[in-house]
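Take a look at the structure below.
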Amino acid sequence: MKSTNANLFAALRAAFPADLDATAIECADGERLRYSWRDIERATAMLANLLVSLDLPAGSRVAVQTEKSVEALMLYLAVLRAGYVYLPLNTAYQAAEIEYFIGNAEPAVMVCPSKSFGWISKIAFTAGTQYVFTLNEDRSGTLLDRAAHMSDRHEVAHKTADEMAAILYTSGTTGRSKGAMLSHGNMLSNAQTLKDYWGWKKGDVLIHALPIFHVHGLFVASHGALLNGSQMIWFSKFDPKAVIARLPDATLFMGVPTLYVRMLAERALDKNACRHMRLFISGSAPLLIETFRDWQTRTGHTILERYGMSETVMLTSNPYRPADGERRGGTVGHALPGVGVRVQDDKGAPCPTGEIGNIEVKGPNVFAGYWRMPEKTKEEFTADGWFKTGDVGKVDELGYFTIVGRSKDLIISGGYNVYPAEIEGTLNDMPGIAESAVIGVPHADFGEAVVAVLVAKPGAALDGDAIVAQLKRQIANFKVPKKVFVVAELPRNTMGKVQKNLLREQHKALFA
Ligand code: MLC
Ligand code: AMP
């Protein structure tokens, strides 16, 4: 007898409301289209049938670098539905970055906008990808053209909970990006936990204004609404004024701290605009206590901050229900039900309450490992099976976790991760640069901003603007330093290690 189908899509679909003609997604910009639950059912079936018709090997990856659109969300759902593996790529990634991801993941299918077809298909076909489809913001492109000929009935592929559903690439402190393999079970268990913990209920309406190529927008937000049969008000791009104008029609909002900072800068943000809101959730980067307090004063709402990562989906959350405790600014709340979170010292022993140490996690949400990197995977797990997050924090006597820093050299800018090692590698390959140090400094809008400090090779003259222009052609724009300094030498300790703390201190007021 076949076991129950653990396909995440099957669970999401089971939550569709009885009235399939009700609105599931309302686009707040562009042509202001409305999509019903029936549209989702039919479009995902047609797209899934298209994938099935390609006769792809089991476990094939479908890589996608497209602008945010409802059709792109449908494509994600269709990949789940058909039982393949979804690989989302940030739209800011440039050719060299895409080349690495495609070379590493070897997707069978690639989907990109028509305008990028030339260079992306070249990379993809060289890497052995069989099919490259196009999908544009205006719903044109070969993907939908082909899917239009497919049947709108499709039986959801049978999956076990531990079968892979998605690969999310995360950069690393050393070496190249690693593909975190998330299973159907990882994502469904987390979505179910959050549905309960955040009290999703009938009538909830979510404003979806985040990109859909990372955990926050693609999984936490979309799964949340779909698993509750809730309507989404869909923004293809975040615009603070437009979002505030739609708050009265919604009950839930999820954002990275920059989104909250930008909305606070708008006069229209007030208690009246938030009169029907039930919950504001923040994550992906630290929410400043000033933002938390200003939001309370202006809107009467206490932002719920949670903490997670690509390898684990969500880990901790401040309480939603008063019975579970208050929402404490500056903390990321409690370990989610069923998720183990502990703080360990460098020797691997538990830290006493209140002491700072390494955050390690365990649970049904934690990924199985990095794609084709068994050694790296082994390094990132403890002998007793806990995943080392690379985040540094502490827990108080009431079980509230606080993130105080990172053992990984990572900058989080506007909710996007930037690994200094990657930028330094790119800089060090440029002519005239002897060495570089990339740091994050406080930034009023992005939380942290990327800054590069360079040393020229003897006799070379470095032009900061030209270096920035060159970087923009090579790496995603959010990784490009907002400021470049040229110095005679980098500060080093007695071991010869660059003292980034001194550089951060020196430049801390640049954008504050
Ligand atoms: C854009 N720019 C950024 C930036 N975003 N610079 C630094 N950091 C960022 N995050 C720069 C561009 O390079 C460009 O510069 C200029 O800003 C305008 O670009 P834009 O695309 O028009 O920007 P905008 O639309 O204003 O985008 C800002 C933003 C966006 C905050 C809306 O960055 C965003 O959506 N962030 C959310 C990221 C997210 O979803 N993270 C979740 C990860 S999941 P120039 O010089 O080229 O003009 C995760 C796990 C978890 O972390 O726990 O959730
Ligand atoms: P990513 O690899 O893009 O999924 O980013 C995950 C990282 O974002 C985590 O390891 C943390 O460093 C950081 N992060 C996520 N949520 C929070 C939060 N609420 N506060 C501080 N850092 C966070």
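It should be emphasised that the depicted structure is a prediction, and the values quoted were computed from it without experimental measurement. Each ligand, and each atom within it, is numbered from 1 in the order the structure gives.
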Which residue pairs pass the salt bridge (Lys or Arg N to Asp or Glu O under 4.0 Å) test with at least one member in residues 240-249, sequence neighbours excluded?
E26-R246, K241-E266, R246-D249
Considering only the protein, which heavy-atom contact is closest to atom 31 (C) of ligand 1, and what is its distance?
T258 CG2, 3.7 Å
Using only atom types and a distance under 3.5 Å, with no angle test, would you say the side chain of S116 pairs donor to acceptor with the backbone of I120?
no
So, does K479 sit close enough to ligand 1 that a heavy atom of it is under 4.0 Å from the ligand?
no
Short N/O distance, under 3.5 Å, between N417 and ligand 1?
no
Sort out the contact shell of ligand 2: every protein residue with a heavy-atom distance below 4.0 Å, listed by chain and number.
S284, A285, P286, E305, R306, Y307, G308, M309, S310, V332, D391, R406, K408, I412, N417
Salt bridge check, K378 against E375: does any charged N sit closer than 4.0 Å to a carboxylate O?
no
Are any of the N or O atoms of F446 closer than 3.5 Å to those of ligand 1?
no
With a 4.0 Å cut-off on heavy atoms, is G217 touching ligand 1?
no
Pair listing, salt bridge (Lys or Arg N to Asp or Glu O under 4.0 Å) test, anchored in residues 86-99, at least two apart:
E97-K479
Going by salt bridge (Lys or Arg N to Asp or Glu O under 4.0 Å), name the pairs with one or both residues in residues 386-399, residues two or more places apart or in two chains.
R328-D396, D391-K408
Does the N or O separation between R306 and ligand 1 drop below 3.5 Å for any pair?
yes
Would you say R327 and E305 make side-chain contact, with heavy atoms under 4.5 Å?
no
